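Counting begins at 1 with the first residue of the sequence. Owing to the predicted nature of the structure, the values given are computational and were not obtained by experimental measurement.
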Amino acid sequence: MSKTILKMNQLSSILLLLLCTFTLQAQDKKAKDLLDQVTAKVRSYDNIQIDFRYSMNNAKENLNQDSRGNVTMKNDMYVLNFMGVTKIFDGQKIYTIVPEDEEITISKHDEKDENAITPSKMLTFFNSGYKYSMDILQNVKGRKIQYIKLVPNNSRDQRKEILLGIDSQTKHIYNLIEMGKNGSKTTYTVNSFKTNQPLSKNQFTFAASKYPNYYVNKLD
């Protein structure tokens with residue numbers, strides 16, 4: 001059970017960090033203007049499909065971890081595949097499927113729960129709690145990537161700062177770099193960003209028949 005909970009937490013973290021396209025209170029006008037453009041662009045799409053790369057390094061603890069994942073989103077619904085785990089939200093219930101443990105956790109989505117994670121909340125996740133400003137502009141294989149630095153207001157936050165890289169031309173998220181106070185560095189890089197793709201009518205439907213021998217843990 002602990003392994004499943006750990007993977008659920010990892011999935012939650014990637015959802016919170018992956019598409020941080022948000023609107024923030026004005027602290028840096030240039031940064032806010034750019035973030036507003038990113039938000040408007042994302043909201044204009046019917047659906048979004050992203051392939052991403054994840055890496056986490058901590059030299060002090062000699063820790064290195066790399067993985068890949070993908071997510072498909074439409075309105076509040078999504079399907080996320082990351083670290084061998086699939087998470088499906090059909091608009092009402094969340095299904096976390098862990099093949100390694102042959103276990104499925106089913107939980108009910110609570111709209112009043114501030115900690116509930118949906119793509120729509122990704123658009124406003126950093127609405128408060130951070131100081132932000134324009135950072136460096138980098139040329140990455142011919143692409144101009146403008147970084148915005150976010151610093152948590154809460155001194156108890158274990159993250160020292162977050163750098164959000166935005167493609168200046170497309171206004172899409174290129175990567176997100178999270179620096180921890182313990183010396184860790186976590187990076188999420190978007191390898192592929194597709195929009196308005198033809199999706200199956202069952203794209204966000206959980207099919208229990210695919211997992212006949214799985215243990216089902218219902219939390220609602």
Side-chain angles (χ1 to χ4, degrees), residues 2-3 5-36 38-39 42 50-71 73 78 80 82-83 85 87 94 96 113-138 140 145-167 171-191 193:
S2 60
K3 186 182 296 183
I5 293 174
L6 175 60
K7 291 189 175 182
M8 288 177 67
N9 289 338
Q10 290 175 326
L11 287 169
S12 297
S13 296
I14 183 64
L15 278 173
L16 286 173
L17 294 172
L18 179 58
L19 274 181
C20 302
T21 50
F22 39 75
T23 327
L24 302 173
Q25 297 175 352
Q27 296 177 7
D28 183 308
K29 188 178 186 303
K30 287 184 178 181
K32 183 180 187 305
D33 288 346
L34 180 55
L35 292 169
D36 284 347
V38 173
T39 300
V42 169
I50 295 174
D51 290 327
F52 61 90
R53 184 175 72 253
Y54 160 90
S55 67
M56 196 277 285
N57 302 282
N58 190 321
K60 293 180 180 179
E61 299 181 9
N62 193 28
L63 181 62
N64 292 282
Q65 187 176 33
D66 292 281
S67 187
R68 300 175 72 92
N70 61 76
V71 61
M73 300 179 288
Y78 61 82
L80 170 69
F82 183 59
M83 288 189 171
V85 178
K87 191 166 187 174
I94 301 171
T96 302
D113 183 2
E114 294 183 355
N115 295 318
I117 303 166
T118 67
S120 62
K121 282 197 173 183
M122 293 178 203
L123 300 175
T124 56
F125 177 69
F126 289 113
N127 242 356
S128 60
Y130 293 85
K131 295 179 181 179
Y132 62 94
S133 60
M134 296 290 278
D135 205 84
I136 63 172
L137 176 66
Q138 281 190 340
V140 180
I145 306 300
Q146 176 63 61
Y147 283 90
I148 293 177
K149 181 167 69 173
L150 301 104
V151 179
N153 289 331
N154 190 340
S155 60
R156 292 178 295 179
D157 197 310
Q158 295 305 304
R159 295 168 296 179
K160 181 180 179 181
E161 65 181 34
I162 298 171
L163 291 173
L164 181 67
I166 299 170
D167 188 311
K171 301 302 185 292
H172 290 166
I173 301 298
Y174 167 70
N175 69 348
L176 185 145
I177 305 169
E178 183 183 82
M179 307 301 294
K181 292 179 180 178
N182 64 352
S184 64
K185 178 181 179 181
T186 304
T187 304
Y188 299 91
T189 303
V190 175
N191 294 324
F193 190 104

Minimum side-chain heavy-atom gap [X]-[Y] below 4.5 Å:
{"X": "Tyr54", "Y": "Thr186", "answer": "yes"}
{"X": "Lys131", "Y": "Asn153", "answer": "yes"}
{"X": "Ile162", "Y": "Leu176", "answer": "yes"}
{"X": "Leu164", "Y": "Leu35", "answer": "yes"}
{"X": "Glu178", "Y": "Tyr188", "answer": "no"}
{"X": "Phe52", "Y": "Thr187", "answer": "no"}
{"X": "Asp167", "Y": "Ile145", "answer": "yes"}

Closest heavy-atom pair and its distance - Ser133, Ala31: C-CB, 4.2 Å

Walk me through it: do Leu34 and Lys171 pass the test side chain to side chain contact (heavy atoms under 4.5 Å, CB included)? CA-CA 8 Å; Leu34 180 55; Lys171 301 302 185 292; 3.8 Å; yes

Tell me, please, which residues at least two apart from [X] pass side-chain contact (heavy atoms from CB on, under 4.5 Å).
{"X": "Leu163", "answer": "Asp135, Tyr147, Lys149, Glu161, Ile177"}
{"X": "Lys181", "answer": "Lys160"}
{"X": "Ser184", "answer": "Met56, Asn58, Asn182"}

Test: Lys29 and Asp33 ion pair at under 4.0 Å: yes

Output, in order, the C-alpha distance, side-chain angles, deciding distance and verdict of side chain to side chain contact (heavy atoms under 4.5 Å, CB included) for Gln146 and Met134. CA-CA 8 Å; Gln146 176 63 61; Met134 296 290 278; 3.5 Å; yes

Rounded distance (nearest 0.5 Å) linking atom CG of Asn57 with atom CG of Asn64: 4.5 Å

Can you establish whether the number of heavy atoms outside Asn62 located under 6.0 Å from its atom CG is more than 12? no

Intermediate values then yes/no, side chain to side chain contact (heavy atoms under 4.5 Å, CB included), Lys87 and Phe82: CA-CA 8 Å; Lys87 191 166 187 174; Phe82 183 59; over 6 Å; no

State yes or no: are the ring centers of Phe193 and Tyr174 separated by less than 6.0 Å? no

Side chain to side chain contact (heavy atoms under 4.5 Å, CB included) between Ile166 and Ile173, intermediate numbers included: CA-CA 5 Å; Ile166 299 170; Ile173 301 298; 4.1 Å; yes

Checking the side chain of Gln158 only, and the main-chain atoms of Arg156 only, is there a donor and an acceptor separated by less than 3.5 Å? yes

